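Data block below; observations after.
Computed from a prediction, not measured in an experiment: that's the story for all the values here. So you know, we letter chains A, B, ... as the sequences are listed, proteins then strands, and number each from 1.
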Amino acid sequence: MIFSLLVYAAPHSHQGAETAYRFAVACLAQGHSIHRVFFYGDGVHGATALAAPPQDEPNLPARWQALAQTHKLDLVVCIAAAVRRGLLDANEARRYEKPGHNLQQDFELSGLGQLAEAAIVSDRLITFGA
Amino acid sequence: MIFSLLVYAAPHSHQGAETAYRFAVACLAQGHSIHRVFFYGDGVHGATALAAPPQDEPNLPARWQALAQTHKLDLVVCIAAAVRRGLLDANEARRYEKPGHNLQQDFELSGLGQLAEAAIVSDRLITFGA
Amino acid sequence: MSTNKRFLIISRRPPYGSSHARDALDTALTTAVFEQPVSMLFLDDGVYQLLQAQQPAGIQQKNLGATLSALPMYDIDQLYVCDSALRSRGLGPDDCLLPVQLLDSNAIAQLIRNHDVVLSF
Amino acid sequence: MSTNKRFLIISRRPPYGSSHARDALDTALTTAVFEQPVSMLFLDDGVYQLLQAQQPAGIQQKNLGATLSALPMYDIDQLYVCDSALRSRGLGPDDCLLPVQLLDSNAIAQLIRNHDVVLSF
Amino acid sequence: MTLHTLNRAPSNTALLADCLRACSSGDTLLLIEDGVYCALAGQPIAWPAGVTLCALAADVAARGLDSRLASNIAQADDAGFVQLCCEHTRVISWY
Amino acid sequence: MTLHTLNRAPSNTALLADCLRACSSGDTLLLIEDGVYCALAGQPIAWPAGVTLCALAADVAARGLDSRLASNIAQADDAGFVQLCCEHTRVISWY
């Protein structure tokens, strides 16, 4: 079955960010495919390259990246939600003349249309709320 | 009178971040002094240097910085809450071997003790929650 | 996009206090641009979004009510409101800035069964 | 620090779902290190923090109950719980991992009047 | 005397109840952000006796409540919010 | 048939009421995160008829509720969560 996930919760702030990751792992373990993971609202903070959690707390952006590399996941971050919250890739940093960028590798900024498209082509869309 | 503010809400996610800023402006306009503004929990996102909100939305980190320069405000961000959420200054970026840093100028990372100290020496501590 | 799915966007939060209401609205508008049929259902404090005379300039936010008023122009004209959410707040359809259809509990459960994708904010 | 102020930390949220409970606890511990008298008051879903046998390894979080158990070692031994919050959840003092004092509404209002700084999470 | 601020709508019944339970006579409750919906006329809220009620003006206007406030609720602007903080010995934020 | 997930404690009365109102007979409600507190025995919750109830095991254990669940609530692990999604035609998250 084809799943897509909508992650609307930020790591360390709301448990939904971690539940989403666990769900993705369980989903792939059962042989399902994940068409896209879409990060929206505060969920965009789950795509930062700069998170440095304590040793005994998971680094979710790093875990998503590792999962994406193994399973060729499409990790998309809502660009409008991201740039207003200070999450930029190199392009957006240039466009807005900001001193740096902080999007974790293997994540991509794109429009909300990617959420609509994911809902259309997937069998199930599961939201992880804040 | 001496005020300190505890900002526990992130810009664009919860209105509390904006209310706190308006309160600070009103406070200073009345001749009160602000000993410290302490950013904690999701509030730490109010200290990012990379926020690029739309033209018709306020850039709160930039506004706090401008206010701090005019009124010599002490803007302190809880270091434990910040680093796990991906908000780093140059020192922490080095310590955790991260590719960049994103703390807005005139903000400072420090420990939760700065909140306790602020509460002790101020006449009033006002929390702006999420 | 060949496949058509019926979308239902549930909006439960009041405007301005958090970004939920704005995010729900943006999702509805974007989905409509993808030429999918979109309905919106306002529950709980979400009904406050429909109040007239919103003036958010003083809190530095965009007028959500104004954007809501534009929904029919995007062919989002299936707008549903939980009857008890509206009335328990002392409000009625006349207080709303758009024509809405009032639903009771049974009708809400049925509305959900009639949609393929349900997103809640 | 010469001035002494009496701190009351109010903790209203359940553990694990959000960072509120952890942040309240860290604030209490830090304030105690500053040698200020600290009391804690558990209201609403905050009383769930006091339940025994928490095992959060499966959700990748630290055991909040274990940290709470250490409060007396930091001289935070004034722990108050809203009586009705506990009982309305079918719980009693025996379900709590620490000895706590139960307060009714009048006692809560008085507790607040007896503190200089009140922080709520 | 305590200033209480409340920033959630009355649908958060447990928060509102805790706030009202914590009020003593002589306290003031300032409704801010989504808390101003508590000030809507016709709400079945049992306000405690001796507690002064007000609502933050910018939030009232934002939400279209200017002509819908209950008669026992005064409005305060941002300067009034600061003044209320000065006039009370402590401030508690309910959120 | 719909799978509903709910991630808040029953003190969020309006959320729980909306969720239960939206359930049809044959639906399943999976309690996750703070939602598992709804599964605590002795809660005065009027569960709708014909709705299957379960709670996410990792969240039940985290919160110390293993021996405190109401008898009508089954536990599901993460794999079970995925299976429930497959067995229902749509999933609604109440949060």
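Using non-hydrogen atoms only and a strict 4.5 Å limit, the part of residues 13-32 of chain B facing chain C consists of B:S13, B:H14, B:Q15, B:E18, B:R22.
Remark: B:R36 pairs with B:D74, B:Q114, B:E117 by the side chain to side chain donor-acceptor pair (under 3.5 Å) rule, at least two apart or across chains. Applying the salt bridge (charged side-chain N to carboxylate O under 4.0 Å, His left out) rule to B:E108 yields no partners; only residues at least two apart in sequence or on another chain are considered. Judged as a side chain to side chain contact (heavy atoms under 4.5 Å, CB included), and not counting sequence neighbours, C:D77 has no contacts.
Side-chain contact between C:S19 and B:H12 is absent, with no heavy-atom pair separated by less than 4.5 Å.
With values rounded to the nearest 0.5 angstrom, B:N59 atom CG is found 11.5 Å from C:Q60 atom CD.
Within 6.0 Å of CD in B:Q69 there are more than 12 heavy atoms belonging to other residues, nucleotides or ligands.
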